[in-house]
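The shown structure was predicted, so the numbers you read here are calculated from the model rather than taken from an experiment.
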Amino acid sequence: QVQLVESGGGLVQPGGSLRLSCAASGFSFSNKYMRWYRQAPGKERELVAQISNSGGSTNYADSVKDRFTISRDNAKNTVYLQMNSLKPEDTAVYYCNVRINWDYWGQGTQVTVSS
């Protein structure tokens with residue numbers, strides 16, 4: 001059964017850094033693109049970053065480009081999101097996502113950027 005488990009969220013000051021992890025199981029991880037989404041209160045869920053199956057291609061939302069880095073370790077079935085220069089606008093619940101005929105989601109991890 002497909003399972004995605006996010007971790008690494010927390011409270012951080014503006015300008016700080018945080019690294020999120022998503023542990024995947026129940027499917028052939030190395031054959032799938034992986035994605036990070038986020039959802040702030042009162043807003044739609046938005047795509048933050050995407051990484052190809054081998055890790056050779058990445059895409060980012062304009063709002064996080066040059067600050068966030070998505071990566072993966074296929075030997076560990078884990079995808080990461082390194083977040084630097086965090087802003088209050090980055091405050092949201094962050095979700096890991098994979099598409100296997102339809103969307104699968106983790107439970108989410110809260111990121112709060114506040115002074």
Value rounded to 0.5 Å, distance of CZ in R35 from OH in Y104:
14.0 Å
With a 4.5 Å heavy-atom cut-off, do S17 and Q82 have their side chains touching?
yes
Same hydrophobic cluster for L20 and Y80, using side-chain heavy-atom links shorter than 4.5 Å among ILVMFWY?
no
How about W105 and Y37: are their ring centroids closer than 6.0 Å?
yes
Could you tell me whether a side-chain N or O of E6 sits under 3.5 Å from a main-chain N or O of Q107, the two making a donor and an acceptor?
yes
Given the options L18, T69, V48, V12, M83 meets side chain to side chain contact (heavy atoms under 4.5 Å, CB included) only with L18
Polar side-chain atom of Y60 near backbone of I70 as donor-acceptor pair, under 3.5 Å
yes
Between S115 and Q13, is there a donor-acceptor pair closer than 3.5 Å when you use the side chain of the first and the backbone of the second?
no
Close side-chain approach of S63 to R38, heavy-atom, < 4.5 Å:
yes
Do the non-hydrogen side-chain atoms of S114 and P88 ever get within less than 4.5 Å of each other?
no
Strictly by disulfide (SG to SG under 2.5 Å), give each pair with a member in residues 79-115 just once, sequence neighbours left out.
C22-C96
Salt bridge (charged side-chain N to carboxylate O under 4.0 Å, His left out) pairs touching residues 67-83, sequence neighbours excluded, are R67-D90
Scan for salt bridge (charged side-chain N to carboxylate O under 4.0 Å, His left out) pairs involving residues 99-115, sequence neighbours excluded, and state none if there are none.
R99-D103
